[in-house]
K.L.:
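Okay, handing you the structure first.
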Amino acid sequence: MFRTSLENSETRHDTLLRVFGFEAFKSGQDEVTRSISEGISALAIMPTGGGKSLCYQLPACRLPGITLVISPLIALMKDQVDSAYARGIAATCIHSGQTWQNQKLRLRGMQEGLYKIIYVAPERFKNKAFREVLDTLEVSLLAIDEAHCISQWGHDFRPDYRELRELRKSLGNPTTLALTATATPEVRKDILAQLGLDSTRIIISGFERPNLYFEIQNVRNDQDKYIYLRSFLEDRMDQSIIIYCTTRRQVNEIRVRVEHEGHLVGSYHAGLSNNERRQAQESFMAGDIPILVATNAFGMGIDKHDVRAVVHFNFPGSLESYYQEAGRAGRDGEKSHCLLFNSQSDRKTHEYFIDTSFPPPDVVQKVWAELRQLGVGTHPTGPAQITRHLEHACLPKKGISRHPSSNATSSPNTGAIPEASVYSVFRLLKLAKHLDYGWRDGFAWVALRDISRPRDLRVDWHYLNARRQCAHRQLSEMLRFMKRNTCRQLQLLQHFESTASFGLNCNFCDVCLDAPPLFETQHSRIRSPDKPSLLIRKLLSAVARTRGRHHAKTITAMVRGSKASSMRIHHLESLSTFSILDFLRPSQSMELLRLCERHRLTLRDTNNHISLTDEGVLVMRGDHDLPQALDDHLAKRICLI
Ligand code: ADP
Ligand code: MG
């Protein structure tokens with residue numbers, strides 16, 4: 001039933017066409033699959049959407065034994081298994097989310113040689129039953145997806161990935177393929193070292209994304225971002241868009257705002273329940289909800305093809321993260337937009353994150369000095385309580401600021417240590433095996449294993465310091481990228497040491513196209529055949545015709561002569577004001593309507609339906625002139641054609 005056996009002398013190209021139905025390899029796939037077929041391990045660095053899965057799925061169909069794929073997330077495995085299965089490749093996954101009965105069934109299948117590809121999470125190797133079955137099989141290929149998880153330098157470190165070197169050894173060092181979209185030299189070196197790979201081909205390719213339009217807007221504050229975002233979304237009704245924010249709080253805030261503008265929007269962050277996250281992801285993937293506001297918790301391995309825009313409301317801490325996240329736009333090759341906001345306050349937030357994530361020795365020692373007084377054993381306390389203890393200890397000076405702009409790791413005035421730093425210290429002390437900690441039924445606990453003197457702590461200061469420096473360096477690379485007036489695409493390719501097919505200009509990003517910065521765009525000329533007063537009177541008469549029964553969006557769609565079915569349904573097509581301002585862009589008609597409201601010519605009722613004020617009626621009839629301020633404003637904006 002499965003078409004996995006290798007037919008006589010079938011070439012890799014034949015397999016590509018027969019099993020996958022693709023005519024040609026994507027960039028890098030040919031080199032990677034050739035390397036595997038020659039039995040040479042490889043590290044493949046390809047961007048998100050570059051087609052990494054095929055790099056092990058194709059060899060899996062051609063090799064005699066099984067292909068074992070290590071993947072960090074259960075959700076990813078499921079998608080991969082489904083898509084492999086759909087192609088007729090016998091794949092399965094075994095993970096902790098399945099019942100034991102179900103796992104046993106799959107183990108039996110493994111034993112009987114039913115599968116060519118088996119997906120597991122790295123912690124699966126601790127499972128004895130699994131190991132026993134695995135030891136009886138021939139592993140032809142060990143593929144490690146999202147291999148940057150192995151590196152502490154990467155942005156998504158998973159301690160279980162550290163065990164893979166041992167695993168590889170115990171499997172008899174099979175041909176190994178590590179795959180990632182993160183390509184910094186440190187991460188690359190670390191992946192090879194951690195896996196014990198010495199003679200390995202490194203294949204970096206396909207980082208060029210000619211269909212992505214990169215745009216960076218320098219803004220003063222969040223208000224600027226909202227204004228811009230609003231018109232950005234208005235111009236992209238019903239398109240699939242991801243909006244990334246740094247914090248959960250910001251995700252919630254923006255979701256509410258975007259929803260208020262009348263868009264269908266979901267949110268995704270680690271603070272939501274599994275169920276809520278799954279629902280948000282599924283609705284977004286299915287296209288039921290076009291806009292998703294998320295932290296970077298969303299997206300690894302997501303294969304949604306028609307994401308038309310990725311907006312970074314806050315810029316990320318490194319170019320690796322940026323490219324990975326922005327790269328989720330336009331996987332179908334259609335033109336897509338990557339909009340990034342750069343603001344000073346986000347820079348401060350990042351600096352605060354870095355300083356609290358990698359606290360200096362004196363902070364670690366201070367926290368430990370407080371903790372060790374508890375003595376060896378388990379105690380009902382945790383990072384939050386210890387933070388408060390330390391605060392009390394160094395009061396009475398008032399006003400302990402937790403704002404990012406305050407000194408991050410230890411304020412010289414108060415000596416207070418931010419809670420975020422205390423959390424990091426707990427993590428470090430756990431890693432150094434001085435303590436363990438956790439929460440039970442909502443209550444924190446900490447178990448001290450010893451009460452070493454602060455100066456005898458086993459924390460790896462050198463490593464901690466190197467991590468802090470690395471994070472600062474990544475941040476400055478990000479800042480430089482945003483500041484430099486050089487082709488964005490070229491800068492990204494250079495960063496990933498990938499070559500560009502073009503010279504110095506992609507001729508598509510904001511730098512190459514010399515796109516106007518935010519405030520020029522905001523105040524861009526409205527090209528209109530009508531004078532301001534006539535334009536506004538037409539708009540007001542359109543409002544009057546809708547008799548206070550419609551939203552701003554419907555009215556603006558009507559004046560532009562939209563083809564949306566709602567026009568017909570609400571009989572707006574037959575109104576004399578239908579398409580009366582068809583030369584306006586969606587954001588412009590919306591903006592004009594907003595100006596009318598601001599100048600009290602229109603008002604909104606509790607349903608957000610728009611109607612004219614008394615003054616609006618007088619202006620519409622020509623009995624009154626436009627309010628002076630509005631007239632002045634429009635005189636600057638409107639360019640008569
Ligand atoms: P990655 O893991 O690198 O992010 P995937 O393996 O999920 O990317 O592949 C992204 C998309 O590209 C998938 O929809 C896949 O079917 C498609 N794809 C992979 N290889 C090819 C190819 N040679 N030709 C056309 N499409 C391909
Ligand atoms: Mg992938």
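Everything numeric here is computed off the predicted structure, so don't read it as measured data. All ligand and atom numbering here is 1-based and tracks the order in the structure.
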K.L.:
At less than 4.0 angstrom from any non-hydrogen atom of Ser53, what atoms of ligand 1 do you find?
P.N.:
2 (O), 5 (P), 6 (O), 7 (O)
K.L.:
For the backbone of Thr11 and the side chain of Thr15, can you confirm whether one donor and one acceptor N or O come within less than 3.5 Å of each other?
P.N.:
yes
K.L.:
Does any N or O in the side chain of Ser41 come within less than 3.5 Å of the main-chain N or O of Thr176, such that one atom is a donor and the other an acceptor?
P.N.:
yes
K.L.:
For Phe358, is there any backbone N or O sitting under 3.5 Å from a side-chain donor or acceptor partner on Arg468?
P.N.:
yes
K.L.:
Quiz question: by atom type and distance under 3.5 Å, do the side chains of Ser151 and Gln194 form a donor-acceptor pair?
P.N.:
no
K.L.:
Considering only heavy atoms of His305, which atoms of ligand 1 have at least one such atom less than 4.0 Å away?
P.N.:
14 (O)
K.L.:
Counting from 1, what ligand 1 atoms have a heavy atom of Ala24 closer than 4.0 Å?
P.N.:
22 (C), 23 (N), 24 (N)
K.L.:
Of all the atoms in ligand 1, which lie at a distance below 4.0 Å from a heavy atom belonging to Gln29?
P.N.:
19 (C), 20 (N), 21 (C), 22 (C), 23 (N)
K.L.:
Which of the atoms of ligand 1 are close to Phe25, meaning less than 4.0 Å from one of its heavy atoms?
P.N.:
23 (N)
K.L.:
Is there a side-chain contact between Val120 and Cys93, using heavy atoms and a 4.5 Å cut-off?
P.N.:
no
K.L.:
Which atoms of ligand 1 sit under 4.0 Å from any heavy atom of Arg87?
P.N.:
16 (O)
K.L.:
Can you find a non-hydrogen atom of Arg331 under 4.0 Å from ligand 1?
P.N.:
yes
K.L.:
Is the closest heavy atom of Gln80 to ligand 1 under 4.0 Å?
P.N.:
no
K.L.:
Hey, does Gln57 sit under 4.0 Å from ligand 1 if you only count heavy atoms?
P.N.:
no
K.L.:
So, regarding Phe22 and ligand 1 (criterion: nitrogen or oxygen to nitrogen or oxygen, under 3.5 Å), is there a contact or not?
P.N.:
no
K.L.:
Can any side-chain N or O of Ser336 pair as donor or acceptor with the backbone N or O of Glu334 at less than 3.5 Å?
P.N.:
yes
K.L.:
Is Arg488 reaching over with its side chain to a backbone N or O of Phe508, donor-acceptor style, under 3.5 angstrom?
P.N.:
no
K.L.:
Will you find, in the side chains of Asn127 and Arg131, an N or O donor that is under 3.5 Å from an N or O acceptor?
P.N.:
no
K.L.:
Check ligand 1 against Pro47 and write out every atom of the ligand that is under 4.0 Å from a heavy-atom position of the residue.
P.N.:
3 (O)
